[in-house]
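Reckoned from all heavy atoms, side chains included, excluding hydrogens, waters and symmetry mates. Naming convention: chains lettered A, B, ... in sequence-line order (proteins, then strands); numbering from 1 in each chain.
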Amino acid sequence: MFWADKIAADAQENQVVNDSKTPSGRVHVGSLRGVVIHDVIYRALKHAGKPSKFLYGVDDYDALDTVPYYLDQEKFAPYLGFPLCNVPSPDNSASDYAKYFMGEFLGVFEYLGVKPEVYYLRDLYRSGRLNSYIDIFLKNAHLVREAYLEVSKARRPDNWYPFQITCENCGKIATTVVSDYNGSEVFYTCKPDATDWVQGCGHSGWVSPFDGNGKLPWKVEWVAKWDLLGITIEFAGKDHSQKGGSRDVANAVCRKVLRKQPPFHSPYEFILVNGTKMSSSKGVGSSAKEIAELLPPELLRFLMLRTQPKTVINFAPNYETTTRLFRDYDALIDKYQALSPDVQPESALPEDLMPLFYAQLDGVIKPYHPLDLSTLISLLQVPHLDIRQEIERRSTQPLSEYDWQIANQRISVAQKWLADYADEDEKLVLYLDRVPEKVKDLTHEQISYLRQLTHSLADVKLWEAEELQTTLFATAKELEMQQPVAFKSVYLSFLGKERGPKAGALLSYLERDFVVARLRDVVQVNTSQAALVAE
RNA sequence: GGGUCGCUAGCUCAGCGGUAGAGCAUUCGGCUUUUAACCGACUGGUCCCGGGUUCGAAUCCCGGGCGACCCA
């Protein structure tokens, strides 16, 4: 059974699925994995007929702990230690820092068809909805300390309380330490040496911890959220999930203080992005937004679904990985179309088609006539080629409107890929000015073929793709050569590679004189070299 | 130093107690012309290593190696 369906099958009704994110900067594509995993669990629950909710929390009361390299250091350094919702936005498009970066992330949600109920921690705190939990955890600070010690071996001082006040004097939340609680107010100090990355101002005093004046440490805050919102399923990245890690601590706090079972949990692996070479040099790479700009939403969902949560996904936007993603997706589309109509209702799909099903934004698989991305990448690089005309000409069946929609989408992907991600040696380069080095590898048989071509091509009546293609074949036949061997010699002469777009078409875009001259040059280079060797 | 996850065909992965699988790549064959959008076939694996449990282990347990990541 597909992994998400298995979870759904084992679950009771009325599940509340939750995920959350600290909006501290641009979001890496790896963060999308959690989003999609939770979305698919939610969809699987609905699919299994178990009504459920899907929540997404924005942890915007967390402190700004570093200024990302792409922001103005001088402008933001003074806000280090501030709650993210109190840091100004990098530009006018948002009210504050947290909303700015979350906005970018939510844009990707929408793109992926992920529709959770989004809530902001600032609202939970300021509205007082977390007040009772704050009181409970402050009163039971000793139990929280115990949990920290037992689970993560982290010893807290006896007067340590699980709470941080936003300093009334300097506005920082990361630097304050609470050391007493009288039931309505806490005593806190904004310590200069509380962290090694920002200094507190030294202010101290009694103040109410309620209604947004401060926050719980996030492991404890996590527990408060679980209980307040009735969360029953929440996975976490492997980083938080290990023994003694934050999830483990939160679970212990939940059991010890609230005496309740924590939500169902399982760790998920990361997405590794190789190919850092191209991303760093060209300034494009691996933010969620950038990957979303390259891959259509279904493909991006598919990327994260076809691999089980506990297996690492290795995605690099290089030729091999990118074209394979599309090919694999199309293979499932074909498989779906091959099903007999009576299994079409999605409930009865074979397991290997489930990733395709859950990759759809609206839960409906719409088949189309696949066009291989690698082919489009090739065609786009042939000079003077009208790609849509070419697609039409090559299709065995007339393309529907939806087929064209997909085709156009894929053309954009191919263009984007060529512009932003392709390495030089992955691009098709026509050697217009010089003979490619590689022609030295040509065999005698291939040389004779090319020599023969200088004559047969010179005689071609109509310099046009079909006729040229025919001539290439006919000449190979004349010399009783294997077709692939013959074609390779042509590609090597013009592209320096063994493969290329349909050779007749390729030549038709070039001038006849140039083609014949080039072939003569190639023959020349090789015969003079042969002469040298002979001496 | 401790921990988590992974290690199966060249590559990406499935299988998770009962005769080792898929796709892609490779190779070969066909192709009076889909040669970077054809068709067909064949290859290809001490399932990381070593022990143990079992009638039987890729699958469970222990130890080790390597990799990714986390904590200290």
Side-chain angles (χ1 to χ4, degrees), chain A residues 1-3 6 30 33 148 151-155 236-249 265-274 303 305-316 318-332 334-335 350-352 354-355 369-382 385 387 390-397 399 403 407 410 414 426-428 465-478 481-491 495 497-507:
Chain A
M1 195 185 282
F2 183 64
W3 59 266
K6 202 169 195 167
R33 187 160 193 187
Y148 273 71
V151 178
S152 68
K153 310 263 186 297
R155 184 176 290 283
K238 184 174 70 166
D239 48 344
H240 298 307
S241 304
Q242 71 256 350
K243 201 171 176 183
S246 45
R247 175 65 195 232
D248 221 12
V249 172
H265 165 250
S266 175
Y268 55 85
E269 261 287 357
F270 292 95
I271 300 181
L272 301 181
V273 178
N274 287 339
L303 168 67
L305 286 178
R306 62 168 171 175
T307 307
Q308 309 181 63
K310 283 183 188 171
T311 302
V312 185
I313 296 176
N314 225 318
F315 181 78
N318 57 26
Y319 181 84
E320 183 65 23
T321 313
T322 309
T323 56
R324 176 158 51 211
L325 180 68
F326 282 81
R327 199 167 50 222
D328 289 350
Y329 187 87
D330 287 347
L332 291 187
D334 280 341
K335 191 159 184 179
E351 183 183 342
D352 58 346
M354 292 315 288
H369 181 65
L371 290 169
D372 197 59
L373 187 69
S374 59
T375 307
L376 292 176
I377 287 173
S378 311
L379 292 177
L380 278 172
Q381 297 182 84
V382 178
L385 180 85
I387 189 155
E390 188 66 20
I391 289 169
E392 194 147 32
R393 238 176 33 109
R394 287 163 176 250
S395 298
T396 48
Q397 62 197 68
L399 297 182
D403 289 338
R410 297 244 168 139
E426 289 173 324
K427 289 185 187 173
L428 178 77
E466 277 305 303
E467 177 122 13
L468 289 169
Q469 185 80 355
T470 308
T471 307
L472 292 173
F473 274 109
T475 309
K477 190 142 202 164
E478 211 174 301
M481 284 176 73
Q482 286 185 304
Q483 291 172 1
V485 175
F487 276 81
K488 272 178 195 168
S489 69
V490 175
Y491 292 125
L495 305 174
K497 292 183 186 175
E498 293 198 329
R499 293 171 156 191
K502 196 170 176 181
L506 181 68
L507 296 189

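Between A:His265 and A:Arg247, the closest heavy-atom pair is CB-NH2, 3.1 Å.
Atom-to-atom, CD1 of A:Ile387 to C1' of B:A37 comes out at 12 Å; the value is rounded to the nearest Å. Between the CG atom of A:Asp330 and the P atom of B:G23 there is a distance of 16 Å, rounded to whole Å. Straight-line distance from the CD atom of A:Glu269 to the P atom of B:G6: 8 Å, rounded to whole Å. Put simply, OH on A:Tyr148 is 17 Å from C1' on B:A72, counting in whole angstrom units. Nucleotide B:C13 holds its P atom 15 Å from the CZ atom of A:Phe2, rounded to whole Å. Atom CG of A:Asp328 and atom P of B:A14 are 13 Å apart (whole Å). B:A14 atom P lies 13 Å from atom CH2 of A:Trp3, rounded to whole Å. As rounded to whole Å, 11 Å separates atom P of B:C11 from atom CZ of A:Arg324.
B:C49 and B:U26 are spaced 29 Å apart, taking the C1' atom of each and rounding to whole Å. Separation of the C1' atoms belonging to B:A14 and B:C7 is 15 Å when rounded to the nearest angstrom. Between the C1' atoms of B:C69 and B:U53, the separation comes to 32 Å (whole Å). Rounded to whole Å, the C1' atom of B:U43 lies 15 Å from the corresponding atom of B:C24.
Of the nucleotides present, none pairs with B:U33 by Watson-Crick or G-U wobble criteria with both distances under 3.5 Å. For B:C60, the paired nucleotide is B:G52, the pair qualifying as Watson-Crick or G-U wobble because both relevant distances are below 3.5 Å. Look at B:U26: it lacks any Watson-Crick or wobble partner with both distances under 3.5 angstrom. Base pairing annotation: B:G17 forms no Watson-Crick or G-U wobble pair, as no partner gives both donor-acceptor distances under 3.5 Å. Base-pair partner of B:C7: B:G65 (Watson-Crick or G-U wobble, both distances under 3.5 Å). Judged by Watson-Crick or G-U wobble contacts below 3.5 Å, the nucleotide B:G1 has B:C71 as its partner.
Remark: A:Asp328 engages A:Arg306 in a salt bridge, criterion side-chain N to carboxylate O under 4.0 Å. Comment: A:Arg410 engages A:Asp330 in a salt bridge, judged by a side-chain N to carboxylate O separation of less than 4.0 angstrom.
Within 4.0 Å of A:Arg327, counting heavy atoms only, lie sugar-phosphate atoms of the nucleic acid but no base atom. Counting non-hydrogen atoms under 4.0 angstrom, A:Thr307 reaches nothing in the nucleic acid.
Between B:C31 and A:Gln469, no contact under 4.0 Å exists linking OP1 or OP2 to a side-chain N or O.
Closest to the side chain of A:Thr311, from the set B:U33, B:A37, B:C13, is B:C13. Side-chain proximity of A:Gln308 to the nucleotides B:G15, B:U33, B:C5 is greatest for B:G15. Closest to the side chain of A:Leu371, from the set B:A37, B:U33, B:U12, is B:A37. Checking B:C5, B:A14, B:A37 against the side-chain heavy atoms of A:Thr375 singles out B:A37 as nearest.
Side-chain atoms of A:Asp403 come within 3.5 Å of backbone N or O of A:His369 as a donor-acceptor pair.
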